[in-house]
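What follows is a single structure, written as structure tokens, with notes after it.
First listed ligand is number 1; within each ligand, the first listed atom is number 1. Nothing fancy with the numbering, it's 1 onward along the sequence. Fair warning: this is a prediction, and the values are worked out from it, not measured in the lab.
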Amino acid sequence: MNEYDSDRIINSLSAHPVKEPSDADIIIVNTCAIREKADHKAVSAVGKYKKLKIKNPDLIIGMAGCVAQLYGKKLIKQIPHLDFVIGPREIPKLRDLIFDIKEGSGHRRINTSMDIEEVFKVSPYHEAGKVNGFVSIQQGCNKKCAYCIVPTVRGNEINRSLKEILEESRLLINQGAKELTYIGQTVNSWKYEGEKFYNLLNHLQELDGLERIRFTTSFPRDVTSKMVDSMRNNSKVCRQLHLPVQSGSNRVLKQMNRAYSIEWYRDSINRLRDAMPDLSLSTDIIVGFGDESNEDFDETMKLIEDVKFDTVYSFKYSIRPGTPGETMSSHIDDDIALDRLHRLQSRQREISLENNLKQLNKSYKVLIENASRNNPKELFGRTSQNKAIYIKDLNKKYIGKIVDITKIEAFQNSFIGEPT
Ligand code: SAH
């Protein structure tokens, strides 16, 4: 979502991104407030540019994103070299804001309104020929997860119209995109004028020139049978699903206000795998939420043991201002939470590698994306299951094409492959 917003920021200014901050006329730090660490990082990132502003007083420095939304005025007071803050919903107003500052109004600006009608107005910048891109189909979130700051900083759920989604998709396809990832906080709850998420997948399937469809992030409760059927029946929809579970314990799920039981979650996984045996699954887990006990945590460990996710993104619970979690009375000891996180991550590393080793010497359809950053002689691509593959001995003319590749070496997060 932040990558997408950064690309919208670039486009809203018709800007040409530069590599070095010292070459820029405008520096905008786009920020994430999901955990305390990210939010500290954001403030210190802005601090780094103070020296450049002293050298070049015409330089405009701004902060965008959820940290800007959360602390607004406070940041302007705290950081004298910051010219403006702008929240995620105000990106369509950025152009006017910059002109205003340039014209020398002298005012530092705080743009953190949530009442913006045209939240989707600006499309993202897309580098010519780039194989993949993002399309936002939803802003904000209506779920009330007790730990989560998203509804506070991104507001209530607003669904984008089908017409705009198709228009933006065509725009990116015309610029060279072959694979589009449709994004929203709970993307599969999308609905618009009688259309639901499963219908949307049918419409996207019809887009000429589009080869692959991904979407993230899905909310477990909204995985319906119709959605599963639609995923299975639409050949462009990738065999990949990110389905955050957060905890394996019903007691913790209830405290988190996740609106499903672990039995429901496991049942959804079974239905998905029955329909699509080659589906790759990933999830998010928070450890140490509320008064999570050893027994609760054991249930999370049991879940990852049983499901064998390909990837688990796991986090230590971080208390966020203004969330229901902030006022909960019991919080577990930091050392215990950290120990649980390490245990979970270390077992999951083994599971991810075990899963990958099972795919060795098999052939997969790989969309070739670009030359590998580390070794320009290798190309990089991904399978439908979102597995990263580095390929030796393949001509660059295959960038943007789907090629049969045999996996010959497996690591925890990637493979080495060769043309089949
Ligand atoms: N709606 C988005 C939310 C993105 S946040 C989505 O479902 O993907 C991504 C992940 O960060 C969440 O799934 C959760 O596991 C984690 N997270 C959210 N708030 C957190 C907090 N306060 N502390 C630790 N991790 C958190």
TODO: Say whether, by atom type as modelled, one donor and one acceptor occur between the side chain of N250 and the main chain of S261 under 3.5 angstrom.
DONE: no
How far is [atom] from its nearest protein heavy atom, and which residue and atom is that?
{"atom": "atom 3 (C) of ligand 1", "result": "Q185 OE1, 3.4 Å"}
{"atom": "atom 15 (O) of ligand 1", "result": "Q246 OE1, 2.7 Å"}
{"atom": "atom 19 (N) of ligand 1", "result": "Y147 CD1, 3.3 Å"}
{"atom": "atom 8 (O) of ligand 1", "result": "T217 OG1, 2.9 Å"}
{"atom": "atom 21 (C) of ligand 1", "result": "S318 O, 3.6 Å"}
{"atom": "atom 5 (S) of ligand 1", "result": "I34 CD1, 3.4 Å"}

Open item on the list: Is it the case that ligand 1 has an N or O less than 3.5 angstrom from some N or O of T186?
Closed with: no
Open item on the list: Any nitrogen or oxygen of R35 lying under 3.5 Å from a nitrogen or oxygen in ligand 1? Just yes or no.
Closed with: yes
Open item on the list: Checking Q240 against S280: is there a side-chain donor and acceptor pair closer than 3.5 Å?
Closed with: no
- [ ] Could you verify whether a donor N or O on one side chain and an acceptor N or O on the other, from Q205 and S235, lie under 3.5 Å apart?
- [x] yes
Open item on the list: A quick test of your reading: do over 12 heavy atoms of other residues, nucleotides or ligands sit less than 6.0 Å from NZ of K196?
Closed with: no
- [ ] Please indicate whether Y398 has more than 12 foreign heavy atoms, meaning atoms of other residues, nucleotides or ligands, lying under 6.0 Å from its OH.
- [x] no
- [ ] Heavy-atom contacts with R320 under 4.0 Å: which atoms of ligand 1 show up? List them by number with element.
- [x] 22 (N)
TODO: Decide if the gap between the ring center of H331 and the ring center of F289 is smaller than 6.0 angstrom.
DONE: no
Open item on the list: Given R8, which partner from the list P124, S123, P88 fulfils the side-chain contact (heavy atoms from CB on, under 4.5 Å) test?
Closed with: P124
Open item on the list: So, 4.0 Å and heavy atoms of K316: is ligand 1 close enough to count as a contact?
Closed with: yes
Open item on the list: Does only the side chain of F315 get under 4.0 Å from ligand 1, or the backbone, or both, or neither? Count heavy atoms.
Closed with: side chain
- [ ] Select the closest option to atom 9 (C) of ligand 1 among I319, D284, V287, judged by heavy-atom distance.
- [x] D284
Open item on the list: F215 and ring pair (Phe, Tyr, Trp, His ring centres under 6.0 Å): which single residue from F134, Y198, Y182, F197 fits?
Closed with: F197
